[in-house]
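What follows is a short report on a single structure.
Reckoned from all heavy atoms, side chains included, excluding hydrogens, waters and symmetry mates. In this chain, numbering begins with 1 at the start of the sequence shown.
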Amino acid sequence: MKKCIYVVEDNPSIREIIEFLLIEELYEVKTCPNTNDFWFQMSKHLPDMVILDIMLPDGNGLDICNTLKRNIKTHDIPVMMMSANNHLNTVKAKCDAEDFINKPFDLNDFASRVEKYLVA
């Protein structure tokens, strides 16, 4: 069974690139342009990993990460934070994400980081 990844990214171009890359790596991918869509998807099915942009039109990826990590049902789901505007140490101080990647990112590095958390 394919591992499922939720990608929360408001930029359609970045969202499509990530979705294409992950599908090529044989993951099931659900993309969400905002926090409301993400929480709706979470109510239907829990993913194997979440990739979160920090700046979202209706919320903040850091808040999503903290909510996931505080919930017994979701605290073990690996979270990767993405941002063009933040530094790793700043983000690590604000949430317990397993990984952080700066935009723009190298696609091979991105794919290998995701794989590290989803090895069966």
Worksheet item: How far apart are the C-alpha atoms of Ile54 and Asn60, what are their side-chain angles, what is the distance that settles it, and do they pass the side chain to side chain contact (heavy atoms under 4.5 Å, CB included) test?
Response: CA-CA 5 Å; Ile54 292 177; Asn60 184 309; 4.0 Å; yes
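- For Asn71, the side chain to side chain contact (heavy atoms under 4.5 Å, CB included) criterion is met by Lys73, Thr74, not counting sequence neighbours.
- Annotation: the span from Cys95 atom SG to Leu62 atom CG amounts to 5.0 Å, rounded to 0.5 Å.
- Atom NZ of Lys2 and atom CG of Leu118 lie 13.5 Å apart (nearest 0.5 Å).
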Please determine whether side chain to side chain contact (heavy atoms under 4.5 Å, CB included) holds for the pair Ile64 and Leu56, giving the CA-CA distance in whole Å, both sets of side-chain angles, and the decisive distance to 0.1 Å.
CA-CA 11 Å; Ile64 293 174; Leu56 296 163; 4.1 Å; yes
Table please: side-chain donor-acceptor pairs of residues 13-33 below 3.5 Å, with sequence neighbours left out.
| residue | atom | partner | partner atom | Å |
| --- | --- | --- | --- | --- |
| Arg15 | NH1 | Glu9 | O | 2.7 |
| Arg15 | NH1 | Asp10 | O | 3.4 |

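- In this structure, CH2 in Trp39 is found 5.0 Å from OG1 in Thr67, a value given to the nearest 0.5 Å.
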May I have the step-by-step check of side chain to side chain contact (heavy atoms under 4.5 Å, CB included) for Met49 and Met80, ending in yes or no?
CA-CA 8 Å; Met49 182 173 188; Met80 179 189 293; 3.9 Å; yes
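- Nearest heavy atoms, Cys65 versus Val79: SG-CG1, 4.0 Å.
- Looking only at side-chain heavy atoms (C-beta outward), Pro47 and Met42 come within less than 4.5 Å of each other.
- Taking CG from Leu68 and CG from Asp63, the interatomic distance works out to 11.0 Å, rounded to the nearest 0.5 Å.
- Interatomic distance, Met81 CE to Leu52 CG, rounded to the nearest 0.5 Å: 5.0 Å.
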Review point. Which is it for Asp48 and Tyr117 under the side chain to side chain contact (heavy atoms under 4.5 Å, CB included) test, yes or no, and what are the steps along the way?
Key: CA-CA 9 Å; Asp48 297 294; Tyr117 297 105; over 6 Å; no
N/O donor-acceptor pairs under 3.5 Å from side chains in residues 108-115, not counting sequence neighbours:
| residue | atom | partner | partner atom | Å |
| --- | --- | --- | --- | --- |
| Asp109 | OD1 | Arg113 | NE | 3.4 |
| Asp109 | OD2 | Arg113 | NE | 3.1 |
| Asp109 | OD2 | Arg113 | NH2 | 3.4 |
| Ser112 | OG | Asn108 | O | 3.3 |
| Ser112 | OG | Asp109 | O | 3.0 |
| Arg113 | NH1 | Asp99 | OD1 | 2.9 |
| Arg113 | NH1 | Phe100 | O | 2.7 |

